[in-house]
Amino acid sequence: MTSLAPQMPAESVLGKPFVFASASMRELVRTVQQVACSNATVLITGESGSGKELIACALHQYSLRCNSPWIDVNAGSLPEHLVESELFGYEKGAFSGAESMKPGLFELAHTGTLFLDEIGELEPRTQVKLLRVLDGAPYYRLGGVRKVSVDVRVIAATSGELGGLMQRGAFRRELYYRLRQIHLHVPPLRERPEDIRPLAELFLRESAPACSFSPGALDALQQYSWPGNVRELRNAVLTASVLARGSEATVVDLPSEVKARVSAPNWATPTRLKEMERQMIVQAFAKTGGSPQLAASMLGISKRTISRKLKRYGIALPDGIAA
């Protein structure tokens, strides 16, 4: 009978499911486990949406700091005039509106891990102060007169090319090498197609637990190149779960850009024709409330024929309804 494929063994890092099947991700996770207990700074590179934050979470969870704070911030999301105050804090009266002292993210992460996403967006002035803190130097809060010392493991990530930023003078070379004590690269989803199905089925279980993918839908997901990586896959699965008729998400429920990659000639093969027939039967039962007689009438075939096709395609009827 139609059902979800067996679930891949999954871990959870900081409450987020961590599913993978490809050899490249298995090797990456082995490396993460190996370096997690080091205090070395780690730079994670990879395309947007490929899973860099999840790798950073894993580094924290596998480390000796796992019971200490985990603080994450996207450097690109911070307003330029607030970056320094957010990272290093400020004293009361440091500027207009500073009505009380506020500890910075480094202080909040004391004894734990600070994850700086999109580190390439950090302004040059803040890069200098960050470099000094990474080298162990105490620092002043904005408007402060007393130095603050922290014990923080820093993990940084970027989806951009820091080499190009360094050539243009937008990113300090010495900071790059200080952040890159250990370098981890997360491969894009198109380079690890073995991860597409387990990830897609995980996302479908999260959004529609009673729904499953048709073979044709899984095939379409595998054919697509996923320029938006895991983030795009998650959104595509959400779309399919919302548009699905009945308990099965088919090719027609996928986003247009995913369906467009399914080559038209393949639809004429016997396998594709069987898939189309199967989808029509499933949709007919969904529209008729599971009635074999009404479904057969809608499709223009006999009840005996539809009963035979139910067995051929492994389609289960609702409890209490006989074929």
Side-chain angles (χ1 to χ4, degrees), residues 10-20 25 28-29 31-33 35-90 102-123 126-127 129-131 133-134 139 141-142 148 150-160 162 165 171 175-176 178-186 199 206 228-232 234-235:
E11 295 183 61
S12 175
V13 291
L14 301 187
K16 302 174 183 178
F18 196 15
V19 176
F20 52 89
M25 286 300 291
L28 177 58
V29 171
T31 303
V32 166
Q33 293 170 332
V35 306
C37 291
S38 164
N39 280 321
T41 309
V42 180
L43 178 63
I44 306 173
T45 59
E47 295 180 6
S48 179
S50 58
K52 298 186 296 299
E53 183 178 355
L54 201 59
I55 294 299
C57 290
L59 280 166
H60 176 74
Q61 181 161 305
Y62 296 146
S63 77
L64 298 177
R65 298 173 181 265
C66 60
N67 293 319
S68 295
W70 158 264
I71 303 294
D72 61 282
V73 61
N74 187 311
S77 68
L78 295 175
E80 186 172 332
H81 63 287
L82 293 179
V83 173
E84 188 173 351
S85 63
E86 286 296 317
L87 289 178
F88 306 110
Y90 56 81
K102 178 183 177 182
L105 297 178
F106 268 95
E107 286 178 81
L108 296 178
H110 182 59
T111 72
T113 303
L114 175 61
F115 175 51
L116 301 173
D117 199 5
E118 295 303 340
I119 190 68
E121 302 289 332
L122 210 58
E123 61 174 355
T126 309
Q127 291 177 31
K129 194 167 183 177
L130 174 61
L131 179 60
V133 175
L134 290 176
Y139 62 89
R141 300 190 192 103
L142 247 63
V148 177
V150 292
D151 171 22
V152 175
R153 202 263 183 92
V154 172
I155 301 171
T158 179
S159 58
L162 293 184
L165 292 176
F171 198 84
L175 177 59
Y176 170 74
R178 183 61 178 79
L179 291 170
R180 202 180 186 272
Q181 289 184 334
I182 294 177
H183 175 222
L184 300 176
H185 179 71
V186 184
L199 283 169
E206 291 177 344
N229 292 294
V230 179
R231 184 181 295 117
E232 184 184 11
R234 181 190 289 273
N235 291 338

Which heavy-atom pair separates Phe115 from Ala156 by the least distance, and what is that distance? CE1-C, 4.2 Å
Closest non-hydrogen atom pair, Gly120 against Leu162: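 Taking every non-hydrogen atom into account, CA-CD2, 3.8 Å.
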I'd like to know if the side chain of [X] and the backbone of [Y] have a donor-acceptor N/O pair within less than 3.5 Å.
{"X": "Gln181", "Y": "Thr41", "result": "yes"}
{"X": "Arg178", "Y": "Leu134", "result": "yes"}
{"X": "Arg153", "Y": "Ser38", "result": "yes"}
{"X": "Glu107", "Y": "Val150", "result": "no"}

Return the [atom1] to [atom2] distance between [X] and [Y], rounded to the nearest 0.5 Å.
{"X": "Phe106", "Y": "Arg141", "atom1": "CZ", "atom2": "CZ", "value": "14.0 Å"}
{"X": "Asp72", "Y": "Cys57", "atom1": "CG", "atom2": "SG", "value": "7.0 Å"}
{"X": "Leu59", "Y": "Thr31", "atom1": "CG", "atom2": "OG1", "value": "10.0 Å"}
{"X": "Ile119", "Y": "Thr158", "atom1": "CD1", "atom2": "OG1", "value": "8.5 Å"}
{"X": "Glu123", "Y": "Leu130", "atom1": "CD", "atom2": "CG", "value": "11.5 Å"}
{"X": "Ile44", "Y": "Leu116", "atom1": "CD1", "atom2": "CG", "value": "11.0 Å"}

Side chains of [X] and [Y]: does their closest heavy-atom pair fall under 4.5 Å?
{"X": "Val42", "Y": "Ile55", "answer": "no"}
{"X": "Leu43", "Y": "Tyr176", "answer": "yes"}
{"X": "Leu87", "Y": "Thr126", "answer": "yes"}
{"X": "Val186", "Y": "Leu54", "answer": "no"}
{"X": "Ser159", "Y": "Lys52", "answer": "yes"}

Over 60° means perpendicular and under 30° means parallel, so classify the ring planes of His60 and Trp70, tilted if in between.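 Aromatic pair Trp70/His60 classed tilted.
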Residues in side-chain contact (heavy atoms from CB on, under 4.5 Å) contact with Asn229, at least two apart in sequence or another chain: Glu47, Ser50, Pro188, Leu189
Got a sec, which residues hit side-chain contact (heavy atoms from CB on, under 4.5 Å) with Ala58, two or more places apart in sequence or on another chain?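 Partners of Ala58 under the side-chain contact (heavy atoms from CB on, under 4.5 Å) test: Val13, Phe18, Val32, Tyr62.
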side-chain contact (heavy atoms from CB on, under 4.5 Å) assessment of Ser85 paired with Lys102: CA-CA 9 Å; Ser85 63; Lys102 178 183 177 182; over 6 Å; no
Please identify each residue that fulfils ring-ring contact (aromatic ring centres under 6.0 Å, His included) with Tyr139, with sequence neighbours left out. Phe88
Chi angles and distances behind the side chain to side chain donor-acceptor pair (under 3.5 Å) call for Thr111, Ser68: CA-CA 6 Å; Thr111 72; Ser68 295; 3.3 Å; yes
